[in-house]
Amino acid sequence: MDKRYFSDKIVEWYQENRRMLPWRQTKDPYKIWLSEVILQQTRVNQGLPYYLRFTETFPTVTALANASEQEVLRLWQGLGYYSRARNLHKCAKVVSKDHHGTFPKTFEELKKLPGIGEYTAAAIASIAHYEAVAVVDGNVFRVLSRIFGIDTPINTTEGKKVFAELANKLIPETSPDIYNQAVMEFGAMYCVPKNPLCAECIFKTQCTAYEKGLQNLLPVKIKGKESRKRYFYYVVIQKGENSLLMKKRVEKDIWFGLYDFPLIESTKPIRADKVIEKTTALYPIYRVSESVTVSDLYKHVLTHQTIFCKFIIIKTSRNMPAPEKSMKFYSLSKVGDLPKPVLISKFLKKSYLL
DNA sequence: AACGCGGGGAT
DNA sequence: ATCCCAGCGTT
């Protein structure tokens with residue numbers, strides 16, 4: 001298919017079918033950047049409320065830079081991939097301090113900033129500054145692999161190269177911003193992963209995958225290894241009526257920088273009586289055996305691991321000290337302000353109505 | 001080149 | 001139950 005035909009046709013489609021989204025109403029590089037980071041590995045519907053909260057709370061990059069990391073993580077709570085939030089904050093500080101609050105304008109300069117990789121740099125440079133550099137995201141892989149019948153695996157170095165080169169060959173010099181967004185929107189709305197809407201597709205007569213019936217086989221992706229299972233037994237120590245013992249996760253692991261309870265981890269499930277035994281050994285000062293209850297099983301299915309979790313709830317009297325320096329008792333209202341994994345938030349909501 | 005990192009919606 | 005999403009940084 002002719003390159004010019006493809007870009008014209010998809011841009012025409014976009015202008016008639018695009019969703020109205022707040023980050024499409026602005027050319028402010030700060031807001032473009034914010035939306036792009038939020039939308040990394042995240043669907044529009046999941047990211048939208050976060051975008052609205054961030055732009056409302058932090059109208060400028062300097063406002064964001066002046067916040068604490070805790071505030072940023074708190075606002076990011078529930079969105080996942082929390083290194084995005086830490087890099088977002090880091091990047092805001094760099095832009096605020098080293099660039100006088102103005103983002104660099106070129107693809108190459110943008111890519112040097114924390115949290116900005118190939119995709120995000122291309123998105124900002126093209127959308128905010130009309131640089132003719134193609135974005136290559138999951139949508140682009142899908143649309144191009146199907147229409148042009150490319151079966152190079154997308155999660156290999158070779159695949160990334162092949163698709164980036166093709167994408168940059170297709171992007172027009174005029175309106176690269178519209179073109180990039182058009183391909184992504186088309187991938188999100190029509191050329192979807194499973195059962196794409198080929199019957200009403202504007203490229204029905206040109207699409208290699210449709211012609212050969214390969215829609216559900218493209219793009220090709222090498223299978224990763226299967227996710228591991230982890231068993232978390234959270235020890236929830238409630239002091240008086242109003243405070244809970246919590247700790248910040250500092251180990252290099254899931255939920256780094258977020259707060260949860262002290263926990264006993266295992267690669268295999270442990271019987272409840274055994275868990276209570278271990279808890280007694282760990283926290284003898286709370287006299288665990290007298291007041292312990294165990295919650296139902298919480299199953300938390302993530303892409304890279306499945307976490308099976310139970311909460312062991314121990315009530316203790318006032319004026320008991322925290323058992324370790326890294327832990328601290330927080331009143332329930334303060335607990336509500338701490339950034340926590342959704343698993344913890346759900347448990348708290350159910351048990352303590354936070 | 002491979003791995004770790006979240007949560008939610010669609011199928 | 002599985003896949004995948006407007007990916008990035010580290011090992």
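Just so it is clear, the structure is predicted and the values come from calculations on it, not from any experiment. Order of the sequence lines sets the chain letters (A, B, ...), proteins ahead of strands, with each chain counted from 1.
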Between A:F308 and A:Y231, how do the two ring planes meet: parallel, tilted or perpendicular, split at 30° and 60°?
-> parallel

Nearest-nucleotide check on DNA chain B, A:W255 vs A:T156; residue mapping nearer the 5' end is A:T156

Rounded off to whole Å, could you give me the CD1-to-C1' distance for the A:I38 and B:dG6 pair?
-> 15 Å

5' priority, DNA chain B, between A:G224 and A:G78 [closest heavy atom] | A:G224

Cation-pi check, A:K310 to A:Y233: give yes when NZ or CZ is under 6.0 Å from the six-membered ring centre and within 45° of the ring axis, no otherwise.
-> no

Rounded P spacing from B:dT11 to C:dA6 in Å | 14 Å

Interatomic distance, A:Y50 OH vs B:dG6 P [rounded to whole Å] | 13 Å

Taking the six-membered ring of A:Y50, is the NZ or CZ of A:R53 close enough (under 6.0 Å from the centre) and on axis enough (within 45°)?
-> yes

Ion pair present between A:E69 and A:K93, side-chain N to carboxylate O less than 4.0 angstrom?
-> no

Mind calculating the distance between CZ (A:R228) and C1' (B:dG4) to the nearest angstrom?
-> 9 Å

Roughly, in whole Å, what's the span from NE2 in A:H300 to C1' in B:dG7?
-> 6 Å

Look at all strands and tell whether A:K346 reaches a base, only sugar-phosphate, or nothing, counting heavy atoms closer than 4.0 Å.
-> sugar-phosphate

Take the protein atom CZ of A:R230 and the nucleotide atom C1' of B:dC5, then report the distance between them rounded to whole Å.
-> 11 Å

Just how far, in rounded Å, is C1' of B:dC5 from CG of A:L73?
-> 14 Å

With a 4.0 Å cut-off on heavy atoms, is A:V135 in touch with a base, just the backbone sugar-phosphate, or nothing at all?
-> nothing

Please give, in whole Å, the distance from B:dG7 P to A:W76 CH2?
-> 13 Å

Euclidean distance for P, B:dG6 against C:dT11 (whole angstrom) | 15 Å

So what does A:N180 touch, heavy atoms closer than 4.0 Å: a base, only the sugar-phosphate, or nothing?
-> nothing

Residues which pass ring-ring contact (aromatic ring centres under 6.0 Å, His included) with A:Y283, listed by chain and number, not counting sequence neighbours = none

Indicate for each nucleotide in nucleotides 2-11 of chain C, in 5' to 3' sequence, whether protein heavy atoms under 4.0 Å reach the base (B), only the sugar-phosphate (S), or nothing (-).
-> -SBBBBSS-S

Could you give the OH-to-P distance, from A:Y82 to B:dC5, as a whole number of Å?
-> 13 Å

Ring centres under 6.0 angstrom apart (A:Y298, A:F311) = yes

Is A:R271 salt-bridged to A:D273, cutoff N-O under 4.0 Å?
-> yes

